[in-house]
2 protein chains.
Amino acid sequence: MVDMARWGPMLETAGIRVTSQRLLVLEVLAAHRLPVSARRVHAELQDRGATTGLTTVYRALASMTEAGLVHAFTHMGEGVYRLCGSASHHHLVCRVCGMVAERQEDIVDGFRAEEVYGVCATCESAESGSRRCSTTTGATADPPEVTESR
Amino acid sequence: MVDMARWGPMLETAGIRVTSQRLLVLEVLAAHRLPVSARRVHAELQDRGATTGLTTVYRALASMTEAGLVHAFTHMGEGVYRLCGSASHHHLVCRVCGMVAERQEDIVDGFRAEEVYGVCATCESAESGSRRCSTTTGATADPPEVTESR
DNA sequence: GCAGCAATGAAAACCATTGTCGTTATCATG
DNA sequence: CATGATAACGACAATGGTTTTCATTGCTGC
Ligand SMILES: [Mn+2]
Ligand SMILES: [Mn+2]
Ligand SMILES: [Zn+2]
Ligand SMILES: [Zn+2]
């Protein structure tokens, strides 16, 4: 039911137990290029007929994040997760349209950036320069889900 | 009771009503260099003898953020707010020790960065290079409050 | 003064996340 | 294969920051 051969060794290498639930969560994560919420992972597991509880999804994501297999951050007020590549990198997250992009280059000297929140070029030009100061809360558009990079 | 002369014009310019509660919130924000939570603002208002409710604090912060007077973002799972300077800038936020620094320079081409989450130099060197991949959740230290910039 | 509308305060609702606890799975060992 | 130790699971309750509801109050312009 689960592609054990593919994800099992990864969990072993990370030093955490191989369980069917973790393997399932990994499969769901692998099916998405972009970050997904715990809630979403759980829903897709239900669709597959798995009986895994939401609590367990949270714990699986937490343990695998802890182990360095999963990259986690907060997007629009809820936690999102994605499979972690080997290289160090950071995310650009647009607070207006929800776009997420991955970048490799170091951007700040003396600081290892992981998640960079701001406004993408598209939304920047679309925003008629009205605000006195840039803000972070209250998206002006309605961002449906994490969207494509660029 | 409130330094009306100082903050009144700011609210008027922003196009929102001048209320005693908003003036009080502005005074509390002005008393801090670093971002404070709604809860914290409320507590300090209580200390001053104000009867302002937490709900109103949230609404005042929301309206002033909307109006561009306040800069808001999320820190360690809760919203934090601070008075917004006139110049565009971004914050460096260390997810390990909670340090917040402000920077002016643009750091990413084609993206206006507002909040940059990552690991500061101090915590980076302290972290014995064990993790396979950098993560964002689960601070390894216990970060008490927003701390000083560098 | 009065209609109209925004702002307030208290309480309840919301909702993602975490804790509890009894049960089950995993793994090493005999 | 049986056993015991330990980690993980599942269902559910609890938590905590934030938002909504709703009745009430306070401006604002007429
Ligand atoms: Mn990533
Ligand atoms: Mn700022
Ligand atoms: Zn955008
Ligand atoms: Zn730090």
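Letters go in sequence order (proteins before strands), and every chain restarts at 1. Worth saying up front: this structure is predicted, and the values here are computed from it rather than measured.
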TODO: For A/Ser63, answer base if it contacts any base atom (sugar-phosphate contacts may also be present), sugar-phosphate if it contacts only those atoms, and nothing otherwise; contact means non-hydrogen atoms under 4.0 Å.
DONE: nothing
Open item on the list: Could you tell me if B/Glu44 and B/His32 have a donor-acceptor pair between their side chains, going purely by distance under 3.5 Å?
Closed with: yes
Open item on the list: OP1 or OP2 of D/dC27 versus the side-chain N and O atoms of B/Thr19: is any pair under 4.0 Å?
Closed with: no
Task: Whether B/Thr74 side chain and B/Gly77 backbone form a donor-acceptor pair below 3.5 Å - done: no
Task: Axis deviation across the helix from C/dG1-D/dC30 to C/dG30-D/dC1, five-pair ends, to the nearest 10° - done: 30°
Task: First-last contacting nucleotides on DNA chain C - partner chain A, under 4.0 angstrom, heavy atom - done: C/dA16 to C/dT26
Task: Distance-only side-chain donor-acceptor flag, B/Gln104 / B/His89, under 3.5 Å - done: no
Open item on the list: Between A/Ile16 and A/Met64, is there a side-chain heavy-atom distance shorter than 4.5 Å?
Closed with: yes
- [ ] Before accepting this row, confirm whether a basic side-chain N of the pair A/Glu12/A/Arg17 lies closer than 4.0 Å to the acidic partner's carboxylate O.
- [x] no
TODO: Report the distance from atom CZ of B/Arg39 to atom C1' of D/dT18, rounded to the nearest whole Å.
DONE: 10 Å
Open item on the list: Applying a 4.0 Å non-hydrogen cut-off, can you work out what A/Arg59 is touching in the nucleic acid: base, sugar-phosphate, or nothing?
Closed with: base
Open item on the list: With a 4.0 Å limit, can you tell me whether B/Tyr58 has a side-chain N or O closer than that to the phosphate oxygens OP1/OP2 of D/dT18?
Closed with: yes
TODO: Please work out which of the three classes, parallel, tilted or perpendicular, describes the rings of B/Tyr117 and B/Phe73, given edges at 30° and 60°.
DONE: perpendicular
Task: Sugar-phosphate only, base, or nothing, as touched by B/Gly79 at under 4.0 Å among non-hydrogen atoms - done: sugar-phosphate
TODO: Spell out yes or no: do the side chain of A/Thr55 and the base of D/dC12 have one donor N/O and one acceptor N/O closer than 3.5 Å?
DONE: yes
TODO: Output yes when B/Glu27 and B/Arg22 qualify as a salt bridge under the 4.0 Å nitrogen-oxygen rule, no when they do not.
DONE: no
Task: Matching residue for B/Tyr81 among B/Val70, B/Val28, B/Leu69 - test: side-chain contact (heavy atoms from CB on, under 4.5 Å) - done: B/Val70
